[in-house]
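So that the names make sense, note that chain A is the first sequence line, chain B the second, and so on, each numbered from 1.
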Number of protein chains: 4
Amino acid sequence: MVTPAPDPIQAQLIAARRTQILDAAAKVFAEKGFHPTTIKDIAKEAGIADGTIYHYFENKGALLLGIFDHMRAAVTREVNFTTLDPDDLRGFLHAFISQPLQALHADRSELFRIILAEIMVNRDLRERYYQQMLEPTLALAEPIFARWVAQRRIKPLDMRLTLRAISGIIFGLILESIMGDTTLEARWDELPDFLTDLILNGLGSDQP
Amino acid sequence: MVTPAPDPIQAQLIAARRTQILDAAAKVFAEKGFHPTTIKDIAKEAGIADGTIYHYFENKGALLLGIFDHMRAAVTREVNFTTLDPDDLRGFLHAFISQPLQALHADRSELFRIILAEIMVNRDLRERYYQQMLEPTLALAEPIFARWVAQRRIKPLDMRLTLRAISGIIFGLILESIMGDTTLEARWDELPDFLTDLILNGLGSDQP
Amino acid sequence: MVTPAPDPIQAQLIAARRTQILDAAAKVFAEKGFHPTTIKDIAKEAGIADGTIYHYFENKGALLLGIFDHMRAAVTREVNFTTLDPDDLRGFLHAFISQPLQALHADRSELFRIILAEIMVNRDLRERYYQQMLEPTLALAEPIFARWVAQRRIKPLDMRLTLRAISGIIFGLILESIMGDTTLEARWDELPDFLTDLILNGLGSDQP
Amino acid sequence: MVTPAPDPIQAQLIAARRTQILDAAAKVFAEKGFHPTTIKDIAKEAGIADGTIYHYFENKGALLLGIFDHMRAAVTREVNFTTLDPDDLRGFLHAFISQPLQALHADRSELFRIILAEIMVNRDLRERYYQQMLEPTLALAEPIFARWVAQRRIKPLDMRLTLRAISGIIFGLILESIMGDTTLEARWDELPDFLTDLILNGLGSDQP
DNA sequence: CATGAATGAGCCTTCATTCAT
DNA sequence: CATGAATGAAGGCTCATTCAT
């Protein structure tokens, strides 16, 4: 296991090698799943020897954590609400829905599926996911929604349940897509607009 | 592997033994997860020998399928929209939300978590889940929602996306609860009412 | 790992299999040493599969412990001072010297060499050896020697050091023989008489 | 592997580096044992890189040989019968017993334990030990003892067995001490006097 | 049908050793 | 000469599955 070297060039090399290994692991995991994948598979994919992996990662589980962190960093980079205008209610909501929907779709979805499976099963990973992704997102959005309530721009609903419902939709749709729903697959790009309307206006007819 | 005997008493015994094994497996899986559980664990829990399990199930994977089918049957029994009055828009929606929320919660949630993990990873199981649970539910609700549209009681939105969004909420909230969200855990019973309102009326303020 | 069955026939079979494995292990250990020997080597020698060994022994180390216990039982059977006449000073001393010298020589010496090496290195085994072999022997002999002192048949020396010295001779000679000393090898059978005289009368000339 | 340089300064440096490595190895071996110690452990202890060790030693086994030689040199330095007065029978015997007892005790005993374990298992080391330590000592003492016999100061016993018995006592007591005998541990310093008397005068009472 | 001992393929991991820089 | 990243062989151990009793 390589400890971060003070030497910046060394650090660069180490980071590069770690990324190389993680990329290989991510690829093979996405194809075969976590458990069916052997260290040899990953090493072969990365073009290195089995043992080399253990210079950079404690064990197989650490690879998954590494991938998780990489993905989290990437998603966090892509999903960034701080640049949004909180006064633009519709725009904010649209972005709030659209960004995760895009981030966890497409080429990332296979890997996310595998990670999600392990999240379901691995307590560490589960807590990590909750504390580092779900909870921060909810915490970030809460004051913004609260302001809208104060401004009477949205109904004075319970914010915590509301936020969980909205993020739940996103989550649930990603899951349904993972399950193989072809309708969602085909019309993924319509979802942000559609959901924004649905959430804002509801399903019910205006006429009583 | 037991081939279905014509003898009804035999069949009874076989079914009982299968259930005994499946219950044991479900218990141990829920505690330890699928992969960490060994056949010996299950046999011990069921009070039988390892080999006996193979008289009733092809292999370890078949146990999970069996559990899945059992759970599906139970959920299907509990979640039954056919007895609902389709003219009671609010009541139907409430039940549509409430029933799965109850069915997959509580003492079943640990096992569901484990099965979900395998669903994510096992194509067979995934397709089975989609074809036998998700898709039928959507198919069942679609004409009912369509009728409401025709009656102008709900907005003429795209039904397929609408249904996926609504079931997505349910799915997503179960997931967030599995992730360990204590808010949802504590206020699980408020969800049906809350969600029914939210879905019907939306988040937006009435005042433009 | 097989737990002792209440069924006496089962117990017989289990004991037989354990012995079979232990004998195979002893043979290969004696030839190649403990560490260089693989589980596969032992399994092959025993004519069984690798995994079978783990039905009967926790791990490789348990094999060594098992061999150690077997050898201890055998040596204890052979080295038995309780049948000796404690009034026969010379006879007792002769037997006290002779028995271990015979027991740990010949076909047993190769295995003893290997076990001794692990004793040197493995704290558990070391304590086991001390508590189960060395100490009991010393404790057994002490009252007998004390009686001789009381009877003024031997000098009133410190009994504990005396006993350790005598057993030390035995131990040391076995070691020197293990080291490959050909003189000892060739004249092993002279040792009991020779040592009995030496210990009783000492080296010094009678004439001052 | 460094070939001896003709340059004396080079040779000095090489010797120093070898000693540095050997000291580090000795320390770690004494703490963890030979097999459990990795080259990395030793390199870390010595404050150098893994690879550097291989410039000075063929392989891991050579480190043990090197330590063995170092220890042998040190012991040989400390245990030196040539300066003793061979006419002082008691004094010589006392020193003959005392010196090894001191040399292989105290801070050296842990390392000796480890080396002894490898001696038991490694034929090369075993022969080296016998030929370079045990046999020379015996050979050295033999003429001296023979002279005493000629002078009728000791009994005309078989010298070869006598010497082996005496060195066996020393050897055996060191072993018993290694085994964890607390009596010996506590009274180690009494041994030389005690043993000298015992060996010279024997255990038997003077009165017939 | 029930049993559970036996099987053996296969995986993670370690670590002595090498060698390009 | 020093470095330490890379290598890859090897081994202990697990466990799903089989099958003789």
Side-chain angles (χ1 to χ4, degrees), chain A residues 1-3 5 7 10 13-14 17 35-43 46-61 63, chain B residues 1-2 5 10 13-14 17 35-44 46-63, chain C residues 1-2 5 7 10 13-14 17 35-43 46-63, chain D residues 1-2 5 10 13-14 17 35-44 46-63:
Chain A
M1 184 69 183
V2 178
T3 50
D7 179 357
Q10 277 300 316
L13 286 173
I14 288 172
R17 185 47 63 97
H35 279 109
T37 295
T38 70
I39 292 289
K40 210 178 227 36
D41 290 333
I42 298 169
I48 59 176
D50 301 21
T52 304
I53 290 177
Y54 288 87
H55 283 284
Y56 296 91
F57 296 93
E58 187 102 22
N59 50 38
K60 200 181 162 188
L63 288 173
Chain B
M1 192 60 185
V2 179
Q10 278 299 318
L13 286 174
I14 288 173
R17 184 48 65 95
H35 279 109
T37 294
T38 68
I39 293 289
K40 200 178 227 50
D41 289 332
I42 298 168
K44 208 172 284 174
I48 58 175
D50 303 20
T52 306
I53 292 178
Y54 287 86
H55 284 285
Y56 297 90
F57 296 93
E58 182 102 21
N59 52 37
K60 199 181 165 190
L63 288 172
Chain C
M1 185 65 185
V2 177
D7 179 357
Q10 277 300 315
L13 286 173
I14 288 173
R17 186 46 64 96
H35 279 110
T37 295
T38 70
I39 291 289
K40 213 179 230 27
D41 290 334
I42 298 169
I48 57 176
D50 302 21
T52 303
I53 291 178
Y54 288 89
H55 283 285
Y56 296 89
F57 296 93
E58 186 102 22
N59 51 37
K60 198 182 164 189
L63 288 173
Chain D
M1 192 58 189
V2 179
Q10 278 299 318
L13 286 174
I14 287 173
R17 185 48 65 97
H35 278 109
T37 294
T38 67
I39 291 289
K40 201 178 225 52
D41 290 332
I42 298 169
K44 208 172 283 173
I48 58 175
D50 304 20
T52 305
I53 291 179
Y54 286 86
H55 283 284
Y56 296 91
F57 295 93
E58 182 100 21
N59 52 36
K60 200 182 165 189
L63 288 172

_Applying side chain to side chain donor-acceptor pair (under 3.5 Å), can you list everything that pairs with B/K44, at least two apart in sequence or on another chain?_
none

Which atom pairs link the protein and nucleotides 18-21 of chain F when you take only N or O atoms and keep those under 3.5 Å?
none

*Would you kindly give the NZ-to-P distance between B/K40 and F/dT17, to the nearest whole Å?*
14 Å

_Value rounded to 0.5 Å, distance of NE2 in C/H55 from CD1 in C/I14_ = 11.0 Å

*B/G47 or A/P36: which one's nearest nucleotide on DNA chain E is closer to the 5' end?*
B/G47

*With pairs taken as Watson-Crick or G-U wobble and both distances under 3.5 angstrom, which stems of at least three consecutive pairs involve DNA chain F?*
E:2-21 with F:2-21

*Name all residues meeting the side-chain contact (heavy atoms from CB on, under 4.5 Å) criterion together with B/A62; count only those two or more places apart in sequence or in a different chain, and write none if there are none.*
B/F57, B/E58, B/N59

*What's the CD1-C1' distance between A/I39 and E/dT14, to the nearest Å?*
13 Å

*Check the distance between E/dT3's P and B/K44's NZ and give it to me in whole angstrom.*
14 Å

*To the nearest Å, how far apart are A/L63 CG and E/dC11 P?*
16 Å

*Could you grab the distance from atom NZ of C/K40 to atom CD1 of C/I42, nearest 0.5 Å is fine?*
12.0 Å

*Give the rounded distance in Å between these two atoms: CD1 of B/I42 and C1' of F/dT17.*
13 Å

_Euclidean distance, A/R17 CZ relative to A/Y56 OH, rounded to 0.5 Å_ = 5.0 Å

*Is any side-chain N or O of D/R17 closer than 4.0 Å to OP1 or OP2 of F/dC1?*
no

_Nearest whole Å is fine: how far is E/dG4 P from C/Q10 CD?_
8 Å

*Identify whether any heavy atom of D/I48 sits under 4.0 Å from a base atom; if not, whether one sits that close to sugar-phosphate; answer base, sugar-phosphate or nothing.*
sugar-phosphate

*Among E/dT13, E/dC1, F/dA16, find the nucleotide with the atom closest to the side chain of B/K60.*
F/dA16

_So, using side chain to side chain donor-acceptor pair (under 3.5 Å) as the criterion, who are the partners of D/D41 when residues are at least two apart?_
D/K32, D/T38

*Mind checking the CG-NZ spacing from C/L63 to C/K60? Nearest 0.5 Å is all I need.*
9.0 Å

*Identify the heavy atoms of C/A43 and C/I53 that sit nearest to each other, and give their distance.*
N-CD1, 3.8 Å

_Short side-chain N/O contact to E/dA5 OP1/OP2 from C/Y56, under 4.0 Å_ = no

*With DNA chain F as reference, determine whether A/A49 or B/H35 sits nearer its 5' end, using the nearest nucleotide of each.*
A/A49

_Rounded to whole Å, please give me the gap between CD1 in D/I53 and P in F/dA5._
15 Å

*asked:* Rounding to an integer number of Å, can you tell me how far C/F57 CZ sits from E/dA5 P?
replied: 14 Å

